[in-house]
Amino acid sequence: MSEVPVVAAKELHLSFGATTALSGASIAVEPGELVAVMGSSGSGKSSLLHCLAGLLAPDRGDVSFQGQAMRGLDDKANSALRMKKMGMVFQFGELVPELSLLENVALPLWLLSGDRQRADKAAQELLERFDIIDHRTHRPSEVSGGQLQRAAVARALVHSPEIVFADEPTGALDSTNAQLVMEALIGRAREQGTAVVMVTHESRLASYCDRDVIVADGQTVADAQSTP
């Protein structure tokens, strides 16, 4: 294992008014590691994921990315870090409705490189790999939920990030499409050596990962190798 985790959190505390979301949660994710974050609804698992991705700032505790403390980053630096080094997949895809699937997938790499041709080529390769190339000109509203989520996974991976954060990425899908999305995400991540942190409540989906981290009452209460 690497001496420096790709992302690590120590003793995170976070509250929203009188509601406690995190109360001492800790986690470390190694480069290339696939981690399932599990727990009941309201346990704090999504809050933990959002703190790791820099979308939420904890009230107390520390988050570091490749050894660099994230607390000292201003909004611009935080956003730049997410754009360059991270990918995000949410439950409902969150694609730009006005853009085609190809344009949505290419967008992160296009913004980073300024090279539209390179970005389109990389996007087309992923759309073909994920068996949605025939829908490349369609907008998100014109495809099925499974196709949309595969496009969201492709968008998260197109710029070869260090880590992908996935928040219930198959929660709105049937079992067949959920399997297709997970195979696309995990297969490509393993090929690229990309770490994945995935929030899920389904043990079947967690079995794709290397390790399970259980969150309860805002704390990480168990951490073990995933059972195939």
Side-chain angles (χ1 to χ4, degrees), residues 4-31 33 35 37 42-99 103-116 118-119 122-123 140 151-169 185 189 192 194-199 213 215 218 220:
V4 180
V6 62
V7 68
K10 185 175 181 180
E11 294 291 321
L12 297 188
H13 293 258
L14 177 68
S15 296
F16 301 101
T19 302
T20 298
L22 297 174
S23 56
S26 299
I27 186 174
V29 181
E30 300 293 329
E33 189 178 25
V35 178
V37 178
S43 62
K45 57 187 186 295
S46 288
S47 294
L48 175 59
L49 184 88
H50 292 172
C51 285
L52 293 175
L55 296 171
L56 286 174
D59 300 324
R60 285 188 287 136
D62 299 304
V63 180
S64 62
F65 189 87
Q66 296 179 328
Q68 177 185 8
M70 294 180 67
R71 184 176 291 276
L73 300 178
D74 59 23
D75 289 344
K76 183 177 180 180
N78 199 348
S79 296
L81 177 62
R82 280 199 303 274
M83 179 175 287
K84 293 177 182 178
K85 303 278 189 158
M86 304 177 187
M88 300 290 301
V89 185
F90 298 100
Q91 181 172 346
F92 297 103
E94 306 295 340
L95 299 183
V96 180
E98 296 83 8
L99 301 181
E103 291 167 334
N104 265 288
V105 173
L107 188 59
L109 185 55
W110 183 20
L111 291 174
L112 280 172
S113 68
D115 187 337
R116 177 66 182 269
R118 175 190 170 197
V153 169
R155 181 186 61 180
L157 291 165
V158 71
H159 58 302
S160 301
E162 301 289 336
I163 190 166
V164 169
F165 296 103
D167 195 354
E168 298 281 7
L185 173 60
Q192 293 184 170
T194 301
V196 174
V197 180
M198 179 183 67
V199 165
V213 173
V215 180
T220 42

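Being a predicted model, the structure only gives us computed values, none of them experimental. We use all heavy atoms of the structure for the numbers below, so side chains are in, but hydrogens, waters and symmetry mates are not.
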Polar side-chain atom of [X] near backbone of [Y] as donor-acceptor pair, under 3.5 Å:
X	Y	result
Asp59	Ser15	yes
Arg71	Gly61	yes
Asp167	Val199	no

Nearest heavy atoms of [X] and [Y], plus distance in Å:
X	Y	value
Pro5	Ala28	CG-CB, 4.1 Å
Ala156	Met88	CB-O, 3.7 Å
Ala151	Val105	O-CG2, 3.5 Å
Ala122	Leu109	CB-CD2, 3.7 Å
Ala21	Phe16	CB-CE1, 3.6 Å
Ala195	Val6	CB-CG1, 4.0 Å

Could you measure the distance from the [atom1] atom of [X] to the [atom2] atom of [Y]? Nearest 0.5 Å is fine.
X	Y	atom1	atom2	answer
Leu112	His159	CG	NE2	6.0 Å
Leu81	Gln66	CG	CD	8.0 Å
Cys51	Leu56	SG	CG	5.0 Å
Ser46	Gln91	OG	CD	9.0 Å
Ser23	His13	OG	NE2	6.5 Å
Leu99	Asn104	CG	CG	5.0 Å

- Query: Hey, mind stepping through Leu107 and Val158 against side-chain contact (heavy atoms from CB on, under 4.5 Å) and telling me if it holds?
  - Reply: CA-CA 9 Å; Leu107 188 59; Val158 71; over 6 Å; no
Side chains of [X] and [Y]: does their closest heavy-atom pair fall under 4.5 Å?
X	Y	answer
Phe65	Met86	yes
Lys85	Pro161	no
Phe165	Leu52	yes
Val196	Glu33	no
Leu73	Gln68	yes
Gln192	Leu157	yes
Leu95	Arg155	yes
Asn78	Asp74	no

- More than 12 heavy atoms from other groups under 6.0 Å of CG on Asp75: no
- Item | Full working for side-chain contact (heavy atoms from CB on, under 4.5 Å) between Glu162 and Thr194 | CA-CA 5 Å; Glu162 301 289 336; Thr194 301; over 6 Å; no
- Glu168 and Lys45: side-chain contact (heavy atoms from CB on, under 4.5 Å), yes or no, with the steps? CA-CA 10 Å; Glu168 298 281 7; Lys45 57 187 186 295; 3.8 Å; yes
- Message: If the test is side chain to side chain contact (heavy atoms under 4.5 Å, CB included), which one of Thr20, Leu12, Leu22 qualifies with Ser47?
- Response: Leu22
- Met198/Val37 under side-chain contact (heavy atoms from CB on, under 4.5 Å): CA gap, chis, key distance, verdict: CA-CA 6 Å; Met198 179 183 67; Val37 178; over 6 Å; no
